Amino acid sequence: MKPNIYEALKERILVLDGAMGTMLQAYKFTEEDFRGEQFKDWKLSVKGNNDMLSITQPDAIKEIHRKYFQAGADIVETNTFSGTTIAMADYEMQDYVYQLNYESAKIAREVADEFTKANPNKPRFVAGSMGPTNKTASMSPDVNDPGYRAISFEELRIAYKQQAEALLDGGVDLLLVETVFDTLNAKAALFAIEDIKEERNIDVPVMVSGTITDASGRTLSGQTAEAFLISVSHIPLLSVGFNCALGAKQLAPHLEAIASTEYAISAHPNAGLPNAFGEYDETPDQMAAQIEEYLQKSLVNIIGGCCGTSPAHIEAIAKVAAQYKPRPL
């Protein structure tokens with residue numbers, strides 16, 4: 001029988017993994033490494049297309065998942081943050097969306113099963129990562145034409161459906177609609193997932209994680225934390241929360257704003273705010289100390305890291321999380 005994430009949530013605070021991009025940067029992959037065998041003659045430069053590394057450098061992706069599980073993560077995210085036809089259009093790789101999502105899910109599943117088998121009392125889970133795409137349905141990219149939209153709800157729904165189907169086929173346990181800066185984009189993803197649940201007659205746990213973009217305490221499309229929560233609450237969710245953009249300290253008041261929800265609450269903040277070079281300086285101990293304040297206030301059920309976090313950060317967070325009871329549901 002498959003381990004049940006709802007049961008695990010009652011028992012303990014679950015730990016999500018850290019940054020995939022931060023880890024991949026350390027490999028210093030070249031253009032040739034990104035291309036691998038399958039894409040060696042690709043017509044465009046693909047360096048920086050991290051999602052395709054699940055096809056061309058699967059061992060590296062596997063190793064990163066393994067390091068996060070060894071550090072104490074309960075859940076790893078698939079390497080599919082940009083795995084939609086919309087985001088892949090930058091590389092003209094829309095036709096490979098199914099393959100890269102499927103392979104990413106399969107790799108993560110394999111490693112998760114390996115760790116669950118070694119310790120059945122601590123089942124490991126795979127979250128299918130569904131990023132925000134590089135287009136927004138609520139706002140115009142053209143300041144001279146506020147009514148213009150670069151993408152429609154329907155186009156987003158179709159793209160997200162393709163991604164979610166491939167992730168489920170590859171064996172993910174749950175779907176994570178994350179780094180939501182435009183709630184209309186997220187609604188398209190959630191609508192697509194509800195479609196799949198109905199068509200396949202399955203129930204899939206869904207996490208939704210928004211991003212508060214600056215000190216105003218709003219998402220890019222202008223919602224407060226509370227408004228964001230209300231606007232996605234018509235969907236049955238496993239959890240709702242926030243990630244990216246802010247460090248743990250800055251994220252705390254926004255988690256407090258949604259504390260009344262009946263859903264589990266997740267948070268995976270950055271390792272502090274970026275410095276002048278766009279790098280993250282917060283050490284594992286500094287980050288864990290800030291996250292301990294969440295736990296003392298009983299604010300979260302799922303905790304992890306976003307930009308700038310590594311297995312060392314996750315290990316420090318996991319140690320602190322193990323000392324606290326989860327927020328009651």
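None of the values given here were measured: they were computed from a predicted structure.
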Between [X] and [Y], is any pair of side-chain heavy atoms under 4.5 Å apart?
X	Y	answer
L237	L190	yes
P269	C306	no
R327	V300	no
E292	Y324	yes
Y98	Q163	no
Q99	Q38	yes
L176	M130	no
P236	E194	yes

Do you know the tightest heavy-atom contact between [X] and [Y]?
X	Y	value
Y263	S239	CB-CA, 4.2 Å
V97	T84	CG2-C, 3.6 Å
N270	C244	OD1-CA, 3.3 Å
A164	I196	CB-CD1, 3.5 Å

Pairing donors with acceptors under 3.5 angstrom, does anything connect the side chains of [X] and [Y]?
X	Y	value
Q70	E315	no
T56	E37	no
S216	D214	yes

Hey, what do you get for [atom1] ([X]) to [atom2] ([Y]), rounding to the nearest 0.5 Å?
X	Y	atom1	atom2	value
M20	N79	CE	CG	4.5 Å
Q290	Q250	CD	CD	7.0 Å
Q162	I86	CD	CD1	9.0 Å
E77	L174	CD	CG	9.5 Å
I151	N185	CD1	CG	8.0 Å
I13	I265	CD1	CD1	12.0 Å

Is it true that a side-chain atom of [X] and a backbone atom of [Y] form a donor plus acceptor pair closer than 3.5 Å?
X	Y	value
R109	G171	yes
Y6	L238	no
H313	E282	yes
D51	S82	yes
T78	V172	no
N275	G278	yes
S54	P58	no
T22	G308	yes
T80	G83	no
D182	S138	yes

| request: Decide yes or no on salt bridge (Lys or Arg N to Asp or Glu O under 4.0 Å) for R157 and D195, but give the supporting numbers first. | output: CA-CA 10 Å; R157 182 192 70 80; D195 264 359; 3.1 Å; yes
Answer with yes or no whether the hydrophobic clustering places [X] together with [Y]; edges join I, L, V, M, F, W, Y residues whose side-chain heavy atoms lie under 4.5 Å apart.
X	Y	value
F81	F125	no
V111	I314	yes
L16	L167	no
M287	I302	no

| For the residue pair F34 and F39, is the inter-centroid distance of their aromatic rings smaller than 6.0 Å? | no
| said: Please report whether the ring centroid of F228 lies less than 6.0 Å from that of F242. | reply: yes
| query | Given I5 and I75, is the side-chain contact (heavy atoms from CB on, under 4.5 Å) satisfied, shown in steps? | reply | CA-CA 10 Å; I5 194 159; I75 308 166; 4.0 Å; yes
| Flag if over 12 foreign heavy atoms under 6.0 Å of CD, E226 | no
Are the charged groups of [X] and [Y] less than 4.0 angstrom apart, N to O?
X	Y	result
E63	R66	no
D169	K106	no
E31	R35	yes
D33	K28	no
K117	D113	no
E199	K161	yes

| task | Take M139 and T136, measure what side-chain contact (heavy atoms from CB on, under 4.5 Å) needs, and give me the verdict at the end. | result | CA-CA 6 Å; M139 294 168 288; T136 163; 3.5 Å; yes
| query | With sequence neighbours left out, what residues match Y27 under ring-ring contact (aromatic ring centres under 6.0 Å, His included)? | reply | F29
| query | Applying side-chain hydrogen bond (donor to acceptor under 3.5 Å, both in side chains), which residue pairs with at least one partner in residues 120-129 are found, sequence neighbours left out? | reply |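 Applying side-chain hydrogen bond (donor to acceptor under 3.5 Å, both in side chains) to every pair that reaches into residues 120-129, excluding sequence neighbours, yields S129-E178.
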| query | Apart from L184 itself, which Ile, Leu, Val, Met, Phe, Trp or Tyr residues share its cluster (side-chain heavy atoms under 4.5 Å, direct or through members)? | reply |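 Grouped by the 4.5 Å side-chain rule, F153, F191 form the rest of the cluster around L184.
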| query | What do the steps show when you test I303 against S266 for side-chain contact (heavy atoms from CB on, under 4.5 Å), and what is the final call? | reply | CA-CA 6 Å; I303 187 74; S266 74; over 6 Å; no
